[in-house]
Amino acid sequence: MTRSICIIDCNNFFCSCERIFRPELKNKPVIVMSNNDGCAVARSNEVKDLGIKMGAPMFKIKDLVQRHNIHVFSSNFALYQDISCRVQNALRDFIPNIEIYSIDECFFDLTDFLPPEAVTDYAHTIQKNILNWVGMPTSIGIAPTKTLAKIANHIAKEQPSFKYVCNLSDPQTRQRYIKHFPIENIWGIGQRSAHKLRLRGIGTAAELAQMPLKRARQLGSVVLERLVMELNGIACITLNTQPDHKQSITVSRSFGQPVYTKNDLEASLIHHCLRAAEKLRHQKLAVKHLLLYVRSHKHHTTLKKHHYHYEFPVATDDSLQFITHVKQATKNLFQPGIRYAKSGVVLTGLLLKKDVMNDLFIENKTSHHLMQALDQINKKFGAETITSASVPHNNRWRMRQDKKSPRYTTHLDELPTAQA
DNA sequence: TCTGGGGTCCTAGGACCC
DNA sequence: TCTGGGGTCCTAGGACCC
């Protein structure tokens, strides 16, 4: 039976979030920048029309920004995450089982919910209501597999006649559209694979769909083989509405300005560890493996050691245990005279806190109540209200974020004000 | 001068064991 | 001294996504 797999995707998500609270920016060019205001990570349609590419560095587009009076925002993830939850909750009113694929996309399956001929109308209803309730414009793609639904979604945005909903369930319609769909735009085909395929004369989704499975596997392993099947309407990538817990947690940042001292490096790592531990506790997980790393400025090759690994004898979620290792790591890694550009922490070997095996012979040093109190206070009064006394007081490594909008929906002192 | 951050999955290759 | 192969587990790195 042909399934009605749907993907809903917020249009220019970060830009649209900013516009919800600045309605005067509708139809005006808007850009949202990456951390440190380094490059463009979201562009409104007006900006795309100016030819500014995804990831374009600020210093290269400064002139265009001025000339066209583009509104630039630093990224405001507290706001985006909250709007994302609102969109998801609105969507659940229409279909309870959704797969949250990213901050601005969800998959869902309408097969057992509606007859195929009713699906397109329902998608329009969902779309209209999310726009009314949350203020977020969206696009919806519908097809028998996730890969084809992503293609439909792409077409829904590009071709105005679809009004942001494209249904490729019908094989003839589908054939007509994938004939002209470039492989670069297929979900799962990156630059490398696209180049490889083009060299072999394959340039469109339809051409890739024709590839024999054996050949696909040989060329791009099981990943490409699956993709070819998906293009032919055979579902290989299943919907996952009950995801497992995370496999890894990362906190890393490029510095707002170059860092040369051990203290600054240590301060940044401690900060990242505290954030990572917070995330860990929030997801009710504990970690076995800790990785701390530093990066020097590009082309700086005299840096010998970048990584510090540690395996906890008993999985933990205790911020204070991490900090001990930061001291050790900085001692190991720091080299004077290096211009450091970035640091980070990666937690892997994650398991549910309730499944942690204690070791009889190791004293359990985790201070649950302390950590609980820490999280509650910081949640209520703002990040880093309470932190460890060993966190050095200095901000040299922090991000540049000059154009950040208020966190309208998550911080009481940043609420929007209505004018009478 | 200035180019993000947080994820997932897959493969190859090394270490080790029998 | 030289001689095998199969299995597992782990890690680093690649490719990709948003």
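Atoms considered below: every heavy atom in the structure, side chains included; atoms not considered: hydrogens, waters and symmetry mates. Numbers restart at 1 for each chain; the letters A, B, ... are given by sequence-line order, proteins then strands. For clarity, every value in this text was computed on a predicted model and none was experimentally measured.
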* Under 3.5 Å, is there a donor-acceptor pair between the A:Ser319 and A:Arg281 side chains? -> yes
* **Whole-Å distance separating the OH atom of A:Tyr293 from the P atom of B:dG6** => 7 Å
* Please state the C1' separation for the pair B:dC17 and C:dG4 - nearest whole angstrom. => 14 Å
* Structure fact -> Here the distance between atom P of C:dC17 and atom CD1 of A:Ile189, to the nearest Å, is 8 Å
* Do NZ/NE/NH1/NH2 and the carboxylate oxygens of A:Lys146 and A:Glu230 come within less than 4.0 Å? -> no
* Do NZ/NE/NH1/NH2 and the carboxylate oxygens of A:Arg3 and A:Asp112 come within less than 4.0 Å? -> yes
* **Rounded distance in Å - CD (A:Glu225) to P (C:dC16)** => 17 Å
* **Options C:dC18, B:dG4, B:dG7, nucleotide nearest the side-chain atoms of A:Ser254** => B:dG4
* Asked: Does OP1 or OP2 of B:dG4 have a side-chain N or O of A:Ser252 closer than 4.0 Å?
  -> no
* Structure fact -> When rounded to whole Å, the NE2 to C1' distance for the pair A:His309 and C:dC10 reads 12 Å
* Asked: NA contact type, A:Asp37, heavy-atom cut-off 4.0 Å: base, sugar-phosphate, or nothing?
  -> nothing
* Answer yes or no: does a side-chain N or O of A:Arg226 lie under 4.0 Å from OP1 or OP2 of B:dC9? => no
* **OP1 or OP2 of C:dT11 under 4.0 Å from side-chain N/O of A:His289** => no
* Taking a pair as Watson-Crick or G-U wobble with both distances under 3.5 Å, which nucleotide is matched to B:dG5? -> C:dC18
* Choose from B:dT8, B:dC10, B:dG5 the nucleotide whose nearest atom is closest to any side-chain atom of A:Asn36. => B:dG5
* Which listed nucleotide (B:dC10, B:dC2, C:dA15) is nearest to the side chain of A:His297? -> B:dC2
* **N or O in side chain of A:Ser248 less than 4.0 angstrom from B:dT8 OP1/OP2** => yes
* Asked: Salt bridge check: are A:Glu207 and A:Arg200 linked by an N-O gap of less than 4.0 Å?
  -> no
* Asked: Would you say the side chains of A:Asp82 and A:Thr410 form a donor-acceptor pair under 3.5 Å?
  -> no
* **Proximal nucleotide (of C:dC18, B:dG5, C:dA15) relative to the A:Arg253 side chain** => B:dG5
* Does a nitrogen or oxygen in the side chain of A:Ser75 sit under 4.0 Å from OP1 or OP2 of B:dG5? -> no
* To do: Describe the nucleic acid contact of A:Tyr101 in one word from base, sugar-phosphate, nothing, applying a heavy-atom distance below 4.0 Å.
  => sugar-phosphate
* Asked: Atom CD of A:Gln247 to atom P of C:dC10: distance rounded to whole Å?
  -> 14 Å
* What nucleic acid atoms does A:Ile186 come within less than 4.0 Å of, heavy atoms only: base, sugar-phosphate, or nothing? -> sugar-phosphate
* **Atom-to-atom span, CD1 of A:Ile61 to P of B:dG4 - whole angstrom** => 13 Å
* To do: Would you check if A:Lys214 and A:Arg217 make a side-chain contact, meaning some heavy-atom pair closer than 4.5 Å?
  => no
* Please check the phosphate of C:dC16 (OP1 and OP2 only) for any side-chain N or O of A:Lys150 closer than 4.0 Å. => no
* To do: Indicate whether OP1 or OP2 belonging to B:dG5 is found under 4.0 Å from a side-chain N or O atom of A:Lys342.
  => yes
* To do: Take A:Phe14 and A:Val222, find for each the nucleotide of DNA chain B with the closest heavy atom, and name the residue whose nucleotide sits nearer the 5' end.
  => A:Phe14
* Asked: Quick one: on DNA chain B, does A:Ala56 or A:Gln283 contact a more 5' nucleotide (nearest heavy atom)?
  -> A:Ala56
* Could you tell me whether A:Ile249 contacts a base, only the sugar-phosphate backbone, or nothing, with contacts defined as non-hydrogen atoms closer than 4.0 Å? => sugar-phosphate
* Asked: Within this structure, what is the CH2-to-P distance between A:Trp187 and C:dA15, rounded to whole angstrom?
  -> 20 Å
* Asked: Is the distance from OP1 or OP2 of B:dG7 to the nearest side-chain N or O of A:Lys279 less than 4.0 Å?
  -> yes
